[in-house]
Protein chains: 2
Amino acid sequence: MRRSAPTLTDVAKLAGVSEITVSRVVRNKGSIAEATRARVQEAIVKLGYVPNRAAGALASAGAPLIGVLLPSLSNIVFPEVLRGIHTALAATGYQPLIGVTDYDPVKEQDLLSSLLAWQPAAIITTGFEHTDATRQMLAGSRVRVAELMDIDAEPIDIAVGLSQRRAGFDAGRHLVERGYRRFGYVGHDWNADHRARLRYEGFRAALAEAGLGVIAEERFDGSSSTIAGRQTLAVLLSRKPDVDVVVFSNDDMAVGGFFHCLGANIRVGRELGLFGFNGLDIGQALPVPLSTIRSHRFDIGRIAVEKLLESSERPEEKLIVDTGYEIIAGATA
Amino acid sequence: MRRSAPTLTDVAKLAGVSEITVSRVVRNKGSIAEATRARVQEAIVKLGYVPNRAAGALASAGAPLIGVLLPSLSNIVFPEVLRGIHTALAATGYQPLIGVTDYDPVKEQDLLSSLLAWQPAAIITTGFEHTDATRQMLAGSRVRVAELMDIDAEPIDIAVGLSQRRAGFDAGRHLVERGYRRFGYVGHDWNADHRARLRYEGFRAALAEAGLGVIAEERFDGSSSTIAGRQTLAVLLSRKPDVDVVVFSNDDMAVGGFFHCLGANIRVGRELGLFGFNGLDIGQALPVPLSTIRSHRFDIGRIAVEKLLESSERPEEKLIVDTGYEIIAGATA
DNA sequence: CTGTTAGCGCATTCAC
DNA sequence: GTGAATGCGCTAACAG
């Protein structure tokens, strides 16, 4: 039968030192004589000692955890953000504790309170849409907060992302410059995905500036997917066949639109332009690379972690990190 | 200035009861008079009390956490498993603590020890490829373990997944039955993805049974992706143009292969068959639905959690849950 | 149905 | 460079 896991006390006894010395060795904090350190290390290895984090967290009123709130795991964008978070966290000793909000601010609020129960060092969440209670909990807490993806509002502490509105605007202007005039839009459910709406608004603003507008618009009532894009473009074209370019809420939708065109024998880029958002690999692997805007999802996650861990205090001044975006001219629009 | 967060003691004082009573109300454990419960609840709300999990974990020698070790977040399959895990966890009060191993058993081992430091209730990991130290840590611990995706070996406690080998075998047999004879294989790096190799072995076994073999084989030296599939099929066809069907290591690769065919004007399904694995949405959204095998990633995650939380002890007998798979006939092979 | 007592394992003082 | 005392906030075990 296995005895209960070894504790600091066990290590201390074996090494012939006090518990606090072991603790210092483990945390690499304070000055320790090289000989002592070696002896302690040896004892640690011999016993297979693993520090009990719960005890550490309790004693020091703070856990080496980062709470991460994501709206969804279905949309490939968020696993990529998470990948950036993981990568940046890997070397630090912090671990991510994850919650999925389904784009629901109330769920976000509930999850936040379970995360805060661990006394994490920081919270990473998405966007600026929070309940009042959420804002209060965050404001009243000691943890630093990063809000990801968008930078078009005032952050609680730190925002990392891109201006969704400007990205949409630049997409519109780019297409106007390329000579398109009869614009269609294929989107998905905005209630969930607020950022898609911001891009749409920017896009419309660019058209308006050129004295143009959207002549056909179709929104799929659900989250974005390739299939949704395919179906929704079909509907749009059946109602308004004479658009010369269609802007999609994102690349998933746009790739679906591309598939529709393949099946319907529409020559993409010549008869009909297609434009996405995100710059996913899949879009660039198409026989004709998708025209779109590259967002830097991985970097957003990575930078958020870096900024959060730069200091152990909440920042004095709000910080906004613009990770930018680039238009990928592609060949579909 | 905000005072420090309210504790059980604060709530107890306000409600005029003892701490343990509050604790019982919070955990909904033991019997409490309705009147007392109401009074305590009121105090909790009034103070905005949030239990300190670290303290709870320390006192009860166990945290309401599930450690999750995933090989990758790049491969869409794992976010889907994670989604299943999250969904099943949502109602339970358990939270997932996540580590990404990059298919590296040594990283897995390190991450496992950081996860165990929290005294989680259970560990979810992937496959059967672990270091000896990993096996020892798990065997010697109190936590239940689920190994996901594959069921072709003896699990530590619970395995949830499908027989990768049989899936590969059935794919091979299916294609032989459909009359294909000149088989090509396009894969990615096996050192990382052991399951792709198992499928390949099953596939070859089916061919061998029919007196057939793989006449052309190309493996991309890296992880699977659409672009890798596209490039690698191109290479294979340039070396051996007369294959009549190509089996891919998974759908990502197969979709890439499909894109190559589009660009190269190869009529998929007539001139050349393509077969994938996983049954991703993207494959079914293609103009011609991809022939493939549907695995049930979401369910694998969900069921793993359900089985793990069924009991609070390690199971007496090893449990294997076969989530099965189905051949999607599709139209590409 | 409710309370008392006694730690859980560690880190933060402050000494020496 | 090292140690002793104390408590973090909660829950298990036992009373009553």
**Q** Is it true that Lys46(A) and Glu42(A) make a salt bridge, defined as a side-chain N closer than 4.0 Å to a carboxylate O?
**A**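 So Lys46(A) does not pair with Glu42(A) through a salt bridge.
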
**Q** Quick one: Glu34(A) CD to dT2(D) P, roughly how many Å, whole number?
**A**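 Rounded to whole Å, this separation is 10 Å.
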
**Q** By the definition salt bridge (charged side-chain N to carboxylate O under 4.0 Å, His left out), identify the one residue from Arg142(B), Arg314(B), Lys307(B) that meets it with Asp157(B).
**A**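 Exactly one pass, corresponding to Arg314(B).
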
**Q** Does anyone know the first and last nucleotide of DNA chain C in reach of chain A, 5' to 3', at under 4.0 angstrom to a heavy atom?
**A**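 Boundary nucleotides touching chain A, in 5' to 3' order, are dG9(C) to dT12(C).
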
**Q** What's the shortest heavy-atom distance between Ala159(A) and Asp150(A), and which atoms?
**A**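 Shortest heavy-atom separation between Ala159(A) and Asp150(A) comes out as CB-O, 4.0 Å.
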
**Q** Which residues pass the side chain to side chain contact (heavy atoms under 4.5 Å, CB included) test with Ile32(A), not counting sequence neighbours?
**A**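 Checked Ile32(A) against side chain to side chain contact (heavy atoms under 4.5 Å, CB included); matches are Thr21(A), Arg24(A), Val25(A), Thr36(A), Arg37(A).
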
**Q** Can a side chain N or O of Thr36(A) be found less than 4.0 Å away from OP1 or OP2 on dT2(D)?
**A**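 So the side-chain polar atoms of Thr36(A) do come within 4.0 Å of the phosphate oxygens OP1 or OP2 of dT2(D), strictly under.
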
**Q** Salt bridge check, Asp110(B) against Lys107(B): does any charged N sit closer than 4.0 Å to a carboxylate O?
**A**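 No, no charged N to carboxylate O under 4.0 Å.
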
**Q** Can you tell me if Thr21(A) touches the phosphate of dG3(D), counting only side-chain N or O atoms and a distance under 4.0 Å to OP1 or OP2?
**A**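 Yes, within the criterion.
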
**Q** So do the side chains of Pro71(B) and Arg195(B) get within less than 4.5 Å of each other, counting heavy atoms only?
**A**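 The answer is yes, as the side chains (C-beta and beyond) meet within the 4.5 Å cut-off.
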
**Q** Could you check Gln109(B), Glu147(B), Gln136(B) and say which one makes a side-chain hydrogen bond (donor to acceptor under 3.5 Å, both in side chains) with His130(B)?
**A**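 When side-chain hydrogen bond (donor to acceptor under 3.5 Å, both in side chains) is applied between His130(B) and each of Gln109(B), Glu147(B), Gln136(B), only Glu147(B) qualifies.
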
**Q** Under 4.0 Å between a side-chain nitrogen and a carboxylate oxygen: does that hold for Arg135(A) and Asp132(A)?
**A**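 No, Arg135(A) and Asp132(A) are not salt-bridged.
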
**Q** Tell me what Ala61(B) touches on the nucleic acid: a base, only sugar-phosphate, or nothing, going by heavy atoms under 4.0 Å.
**A**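 Answer is nothing: Ala61(B) stays at 4.0 Å or more from every strand.
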
**Q** Taking N or O atoms only and anything under 3.5 Å, show me the protein contacts with nucleotides 10-12 of chain D, one pair per line.
**A**
from, atom 1, to, atom 2, distance (Å)
dC10(D), OP1, Tyr49(B), OH, 2.3
dC10(D), OP1, Asn52(B), N, 3.2
dC10(D), OP2, Leu8(B), N, 2.4
dT11(D), OP2, Ser23(B), OG, 2.4
dA12(D), OP2, Arg27(B), NH1, 3.1

